[in-house]
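These notes are about the structure you will find just below.
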Amino acid sequence: MQRVYLDHNATTPILPEVVDRMTAALRDEFGNPSSVHHFGQQAKAAIDEARTSVAALLGADPSEVLFTSGGTESDNIAIRGAAEALEPAGRRHLIASAIEHEAVLNTLKALGKRGWRTTLLPVDQSGITSPGVLRDALADDTALVSVMHANNEIGTIQPIAALARLARERGALFHTDAVQSAGKIPVSVKTMDVDMLSISAHKFYGPKGVGALWIRRGLRVLPLLTGGRQERSRRAGTENVAGIVGMGVAARIARGKMAEEGARLSALRDRLEAGILAAVPGTAVNGAPESRVPNTTNISFDRVEAESLLIALDLGGIAVSTGSACSSGTLEPSHVLKAMGFNAHRAQNSIRFSLGAANTEAEIDRVIAVLPGIVDKLRSLTRAPVRA
Ligand SMILES: Cc1ncc(COP(=O)(O)O)c(C=O)c1O
């Protein structure tokens, strides 16, 4: 069966160029980057080159890019590192939007248990955090505000520059999780004027288990890992050379293709969205129609359990995802859709379609063609009387 992969916000397939460069790094650049000899310096040079490519993707200076094990660690260093650095100054208040990824939400929760005051900012029906809401939440003791650039479930893009300006006016730091925007739309640390920004390689056709945190020069962030002096003493441990090198190649390619690929994907996404809305009654798009990353749409299917639809589509060779987290048999409604004000039913009957490099018009048309039949079948099952 020809399978259609529409779950690129979960992860992307690694590019062949990335695999080739990583293979060469594993084989040939095996030296420890901290070693003074030729082998060490060769590995260090490979990391430096990757740092330059990642910095270019973010409009940043390479010296401000810290390599990590992925988006989750980048978010943790930004939040925990800044919270702990600012604690002695009496700043014990942390703010995040209610629709952040768990990497941010659960970090705030953990710090909340250790005495930090935390505030989750509400969003409007399209998933946007308004500057006015942040202005009201900021306090004299706010240490850090963390608002994601693009949301992983609905793709909505936040007004980061305006939010960051408000935080700065009150002396608070601003972090943005740009894991779902980097490589898809222009991300510039200068234009956004943030203090820290997280990205992850596997969301833009790089390897899993490697990411980066951009930290504004001069900003003090306490390390999570203590040990050697790698990454300017901000993250101890011998570097994941091959992963970092792979991330560098993926960043360079993403930057080169971004404009063209973004236009192609948004046309495909719009075709998919319009096709589904026309072919399947009782459907609606969740999120901001204009302010969205080009590859994502999140659609509610009235009277359909998203999990059942996901499984039926998978049996038909189409991979999508739900915004809901299914753990130990209980389907939790998406915290993002709940925060947008949707009731539990709508928050549980939504599917995320996230497109990427290999998707074609023919694939999109196949999805549009099979969906009405699958949805009809699921709806007819829902209507059937429940047997004792
Ligand atoms: C918005 C966002 N932040 C953070 C992460 C975590 O990144 P990683 O998988 O690299 O730890 C993800 C991944 O799903 C994400 O979508």
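From a predicted model like this one, the values you see are computed outputs, not experimental measurements. Indexing begins at 1, ligand by ligand and atom by atom, following the structure's order.
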Pick one: which of Asn9, Leu268, Val4, Asp7 meets side-chain contact (heavy atoms from CB on, under 4.5 Å) with Leu355?
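When side-chain contact (heavy atoms from CB on, under 4.5 Å) is applied between Leu355 and each of Asn9, Leu268, Val4, Asp7, only Leu268 qualifies.
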Hphob cluster co-occupancy, Leu6 + Leu277, side-chain heavy atoms under 4.5 angstrom
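Shared cluster, yes.
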Using atom types as modelled and distance alone, determine if a side-chain donor or acceptor of Asn349 lies under 3.5 Å from a backbone N or O of Ser300.
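It does not hold such a pair.
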Inspect the contact between Asp195 and Arg216 and indicate whether a charged nitrogen and a carboxylate oxygen are less than 4.0 angstrom apart.
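Salt bridge flag = yes for Asp195 with Arg216.
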Any ion pair linking Arg366 and Glu363 (charged N to carboxylate O, less than 4.0 Å)?
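So Glu363 does not pair with Arg366 through a salt bridge.
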Which protein residues come within less than 4.0 angstrom of ligand 1, counting heavy atoms only?
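Around ligand 1, where the cutoff is 4.0 Å for heavy atoms, the contacting residues are Gly70, Gly71, Thr72, Asp75, His101, Met148, Asn152, Asp177, Val179, Gln180, Ser200, His202, Lys203.
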Option passing side chain to side chain donor-acceptor pair (under 3.5 Å) with Thr297 (candidates Arg352, Glu273, Arg269):
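Option passing the side chain to side chain donor-acceptor pair (under 3.5 Å) with Thr297: Glu273.
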